[in-house]
Amino acid sequence: MEFTAKQIAEFLHGEVVGNELAAVNTFAKIEEGVPGALSFLANPKYDHYLYETRSSVVLVNRDFTPARPVEATMVRVDNAYECIAKLLALYDSMKPARKGISPLACISEKAVIGQDVYIGPFVTIEDGAVIGDGTQIYPSVTIGSGAKVGDRCIIYPSVTVYYGCRIGNRCIIHAGCVIGADGFGFAPGANGYDKIPQIGSVLIEDDVELGANTCVDRSTMGQTIIRKGVKLDNLIQVAHNVEIGENTVMSAQSGIAGSAKVGSWCMIGGQCGISGHIRIGDQVKVGAQSGILGNVKSGSNRMGTPAMDYSNYMRSSVLVKQLPDIYKELLSLRDEVRELKAELAGK
């Protein structure tokens, strides 16, 4: 589909600077722009690309002032980053949804399948499973007995949803995710570790997105809960009986140990580790590669291992860089003290 700069500005409540009839039919990074492409400029580090981009239309922040003439048509908006996200979502929603059930799918007669669904080849849907209206299930997915998937979800290839788990509406589960595998529960015995049966389940609420190969373990008892609006990146481990609050986001390769509770609107960086049985408040920010070993109050910023207040961490990191020089100075001072002691002892 093709849109003009004027149409884009009207949709985003923006202002056109240049040719309002400039048309676009694709998206491109500003440094890789081509004629007919729409780009955006939100980070000042990329300002120089604006003057050489070949994109036809560029979204810029309303307060941006170019340093020299710009060949592309600009559309001034309140927030270029948010607006490009809106346009990408609009573009994605215009793609025709896949429908139909492959004859190569294995669907139990006791399963309940909604209307306008897509079920690809080699999908297995077991007894008592429920699939909501408009949901798309791609090849080689397994939906276990009694599991429920809500309306308008997208389940990408090779996802496994174990028995009894619940997935809400409009969720996106990327390839390779495992939902409802046993939590890591073992009790030491005389001859090794005895398995503790994990008899709970997983509840994933509406509008959640799980990245590729992320795992959400079932609870020992009760539920492991992912609240609505949560976005988890690839390769994340959520252990048994964890609860993640609404609209929290977490970057790749992070892990949450059993029974930890994470609040709402938190931002967790990549490769973070969160200890079990602790509570993290609302609107907490955790820097990448941090280790959270204890409770964290709402509104805190944490970084480091063990994690500390962000401002303290930054001051400490400056000192760490100076440790070699500090150590040399310490040795020099030690030698001076010895010499002074020797002189005093000789008098």
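Values below: all heavy atoms of this structure, side chains included; hydrogens, waters and symmetry mates excluded.
- Applying the ring pair (Phe, Tyr, Trp, His ring centres under 6.0 Å) rule to F11 yields no partners; only residues at least two apart in sequence or on another chain are considered.
- Side-chain rings of Y118 and Y138 approach one another, their centers coming within less than 6.0 Å.
- In this structure, the separation between CG on D309 and CZ on R302 is 5.5 Å, given to the nearest 0.5 Å.
- Using modelled atom types and a 3.5 Å distance limit, the side chains of D127 and S108 yield a donor-acceptor pair.
- Partner of V262 under the side-chain contact (heavy atoms from CB on, under 4.5 Å) criterion, out of V284, I292, I256: I256 alone.
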Go through it in stages, so that I can follow the logic: the residues are Q237 and D217, the test is side-chain hydrogen bond (donor to acceptor under 3.5 Å, both in side chains), and I'd like the CA-CA distance, side-chain angles, deciding distance and then a yes or no. CA-CA 8 Å; Q237 163 66 19; D217 288 350; 3.0 Å; yes

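- Looking only at atom types and distance, the side chain of N169 has no donor-acceptor partner in the side chain of E205 under 3.5 Å away.
- The ring pair (Phe, Tyr, Trp, His ring centres under 6.0 Å) test applied to Y51 returns no partner, not counting sequence neighbours.
- Between the side chains of Y327 and E329, no donor N or O sits under 3.5 Å from an acceptor N or O.
- More than 12 non-hydrogen atoms from other residues, nucleotides or ligands lie less than 6.0 angstrom from CE of M308.
- The ring pair (Phe, Tyr, Trp, His ring centres under 6.0 Å) search around F122 returns none, not counting sequence neighbours.
- Salt-bridge annotation for K228 and D206: absent, with no side-chain N of the basic residue lying under 4.0 Å from a carboxylate O of the acidic one.
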